[in-house]
There are 2 protein chains.
Amino acid sequence: MTSMIRRETMGAQLGGLLRSAILSGEFEPGDAVTETGLALRFGVSRGPMREAMRQLMDEGLLVTVPYTGTRVLQLTSTDIDDIYSMRICLEIFAFEQIWARRDQAFREALLARHHALLSAIDAGDDIRSIDAELDLHGLAYETCANGILLTSWGAIRARLQLYWAAHHRAHGIMGPKRESHDDYVRLALGDSCEQMKDEIRDHMRRGLGKTMAFVASIEAEKAETNRRMT
Amino acid sequence: MTSMIRRETMGAQLGGLLRSAILSGEFEPGDAVTETGLALRFGVSRGPMREAMRQLMDEGLLVTVPYTGTRVLQLTSTDIDDIYSMRICLEIFAFEQIWARRDQAFREALLARHHALLSAIDAGDDIRSIDAELDLHGLAYETCANGILLTSWGAIRARLQLYWAAHHRAHGIMGPKRESHDDYVRLALGDSCEQMKDEIRDHMRRGLGKTMAFVASIEAEKAETNRRMT
DNA sequence: CGGTCGCAGATTGTCTACAATCTTGCTGCT
DNA sequence: AGCAGCAAGATTGTAGACAATCTGCGACCG
């Protein structure tokens with residue numbers, strides 16, 4: 001197990017693998033995960049596994065309580081609300097920062113990512129569609145090249161991906177609509193920053209509505225389970 | 001070394017101690033720190049020490065390169081610029097979020113923290129003044145109770161504290177002025193959110209100017225050293 | 001004299017074993 | 001029957017030894 005890839009520490013690679021495992025639904029939100037279990041699952045020792053789990057804890061995908069256990073992040077409606085309001089703030093900030101220096105490379109990258117999103121939707125691959133949608137939105141953050149902003153976006157992105165992936169598994173096909181980002185891309189390449197900011201607000205409001213409805217259904221279901229238990 | 005405090009993991013306690021050590025100037029920005037050295041320094045093994053260092057890496061106070069070493073964050077002017085623009089965005093967002101639900105507890109807490117700041121300034125304790133100023137600003141973030149926002153503020157706060165503490169040691173007494181937050185507190189308790197937002201922008205602009213001048217002097221000095229070396 | 005190869009030291013990465021802590025289910029008492 | 005206390009299992013926390021990797025200096029060669 002010592003000779004596979006180089007140039008990156010084992011813990012970091014494991015972090016990627018574990019994130020994929022969580023987002024692909026191998027572990028549901030609320031599931032307990034253990035260091036030993038995952039270490040066995042990936043064929044490594046607890047040390048690097050611990051490092052990987054710590055990384056996902058920072059992203060917010062895992063929550064741990066000392067000496068007790070670690071679980072996959074559980075969805076709550078207040079979290080969703082916090083995330084979306086925060087995301088409006090940050091994405092508007094990102095576009096304000098980059099608006100004046102959108103160059104040819106930016107335009108091409110945006111169109112490329114939009115194309116990737118459309119391809120994923122046409123292929124009917126919902127998991128890849130979710131990834132592509134977040135990649136599309138991520139371009140503005142990446143272009144800022146602001147370390148703290150990127151970290152915040154990473155935390156937001158991880159949570160959104162977790163929610164949407166769970167949503168997809170629970171309710172079947174429910175990826176982004178094909179025309180959902182036409183306005184976003186058009187205005188992002190346009191001349192009016194104010195119009196773009198309005199579009200972001202609208203876009204988020206729509207997303208919040210859909211996600212919130214899902215989380216509410218999950219919470220109702222859980223409350224039902226709890227009631228039945230007592 | 002096993003029986004000191006309970007209810008909190010050793011790594012977390014070490015994180016606090018190490019942060020204090022860095023901010024108090026025991027390690028200067030750019031200094032190399034080693035796991036073994038710090039473990040010896042604090043009388044623990046490398047395991048918990050590693051956990052503590054990882055925590056500070058997440059906050060941004062330490063930067064590490066695999067298999068090579070770890071150093072205290074080095075100041076750059078682009079970082080300062082990023083931090084302040086980000087901080088304007090987030091602090092305005094925080095006040096927008098809490099504006100309608102500022103209650104009596106909030107007002108009392110704000111005045112209490114302002115009082116603590118004034119006491120620290122009057123006592124001539126610059127380190128405590130820096131801490132108190134950041135506590136004062138932190139109230140808005142804490143009142144939001146938004147996990148991602150708090151994490152972002154933590155990263156910003158750690159960097160600011162690092163810069164200002166280094167500033168203080170380099171140029172002697174240079175803590176916040178006694179009247180520097182009168183407007184901030186008055187408007188935060190006032191009726192106009194727009195005026196408060198303008199105050200935040202002004203406040204940050206002033207802070208950015210001072211900090212930037214300091215960082216520029218540091219960079220000039222470092223360039224001079226580099227030139228002399230070659 | 002300049003450049004390149006290689007070795008030694010230092011540092012982080014990884015592994016295994018052991019200790020501290022929490023949870024859970026059972027047992028015995030009231 | 002219900003509850004208190006305890007014991008066993010599980011899980012994370014901690015320790016120390018060993019391996020992989022990087023950096024820098026010095027010797028050797030052109």
Side-chain angles (χ1 to χ4, degrees), chain A residues 1-18 21-22 27-28 30-58 60-74 226 229-230, chain B residues 1-18 21-22 27-28 30-74 225-226 229-230:
Chain A
M1 181 46 71
T2 54
S3 66
M4 285 194 69
I5 328 174
R6 302 292 180 193
R7 218 66 190 183
E8 195 182 18
T9 176
M10 220 181 249
Q13 300 177 46
L14 283 172
L17 291 176
L18 180 55
I22 292 176
F27 307 97
E28 290 285 326
D31 278 3
V33 291
T34 66
E35 295 180 359
T36 13
L38 290 178
L40 207 66
R41 155 82 170 72
F42 289 109
V44 296
S45 181
R46 271 183 58 207
M49 200 66 243
R50 201 183 165 84
E51 200 79 7
M53 292 172 74
R54 172 73 194 239
Q55 181 182 333
L56 293 200
M57 282 170 43
D58 295 333
L61 255 48
L62 293 179
V63 289
T64 187
V65 39
Y67 291 107
T68 302
T70 309
R71 313 182 82 82
V72 178
L73 178 65
Q74 184 68 271
N226 287 344
M229 278 180 175
T230 58
Chain B
M1 182 44 73
T2 54
S3 66
M4 287 193 69
I5 328 174
R6 300 294 178 192
R7 218 66 190 179
E8 196 183 17
T9 177
M10 219 182 249
Q13 300 177 46
L14 284 172
L17 291 175
L18 180 55
I22 292 176
F27 307 98
E28 290 285 326
D31 278 4
V33 291
T34 66
E35 294 180 359
T36 32
L38 290 178
L40 207 66
R41 156 82 170 72
F42 289 109
V44 296
S45 182
R46 269 183 61 206
M49 200 66 243
R50 199 182 166 84
E51 201 79 4
M53 291 172 74
R54 173 71 194 242
Q55 181 181 334
L56 293 199
M57 283 169 44
D58 295 333
E59 288 179 7
L61 256 48
L62 294 179
V63 288
T64 187
V65 39
Y67 292 106
T68 303
T70 309
R71 315 184 81 86
V72 178
L73 179 66
Q74 184 68 273
T225 306
N226 288 344
M229 277 180 176
T230 56

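Chain letters run A, B, ... following the sequence lines, proteins first and then strands; every chain starts at 1. These numbers come from a predicted model, not from an experiment. All values below come from the heavy atoms of this structure, side chains included, with hydrogens, waters and symmetry mates left out.
For the pair R46(B) and T36(B), the minimum side-chain heavy-atom distance is below 4.5 Å.
A distance of 3.5 Å separates CG in D58(A) from CG in D58(B), rounded to the nearest 0.5 Å. For the atom pair CG of L38(A) and CZ of R41(A), the computed distance is 8.0 Å after rounding to the nearest 0.5 Å.
Look at R50(B) and you'll find a side-chain N or O under 4.0 angstrom from OP1 or OP2 of dG13(C).
The side chain of T68(A) lies closest to dC22(C) when the candidates are dC22(C), dT12(D), dA15(D). For P48(A), the side-chain atoms get nearest to dC15(C) when compared with the rest of dC15(C), dG13(C), dG16(D).
Residues L18(A) and M49(A) approach most closely at CD2-CE, 4.0 Å, considering heavy atoms.
Rounding to whole angstrom units, CZ of residue R46(A) and P of dT14(D) are separated by 11 Å. Atom CE of M49(B) is separated from atom C1' of dT11(C) by 15 Å (rounded to the nearest Å). Summarising the geometry, the separation between CG on D31(B) and P on dT11(C) is reported as 13 Å, rounded to the nearest angstrom. As rounded to whole Å, 14 Å separates atom C1' of dC15(C) from atom CG of L14(A). Between the C1' atom of dT12(D) and the CZ atom of R71(A) lies a distance of 15 Å, rounded to the nearest Å. Between L62(A) atom CG and dT11(D) atom C1' the separation is 15 Å, expressed in whole Å. E35(B) has its CD atom 11 Å from the P atom of dT14(C), to the nearest Å. For M10(A) and dA20(D), the CE to C1' distance is 10 Å, given to the nearest whole Å.
When heavy atoms are screened at a 4.0 angstrom cut-off, T70(B) is found touching the sugar-phosphate backbone but no base atom. Counting non-hydrogen atoms under 4.0 angstrom, T34(B) reaches the backbone sugars and phosphates but no base. Contact annotation for G47(B): no contact, since no heavy-atom pair falls under 4.0 Å across all strands.
Results of the side chain to side chain contact (heavy atoms under 4.5 Å, CB included) test with L62(A) over R54(A), M57(A), Q55(A) single out M57(A) as the only residue that passes.
Between Y67(B) and S45(A), the residue anchored closer to the 5' end of DNA chain C is Y67(B), taking for each the nucleotide with the nearest heavy atom.
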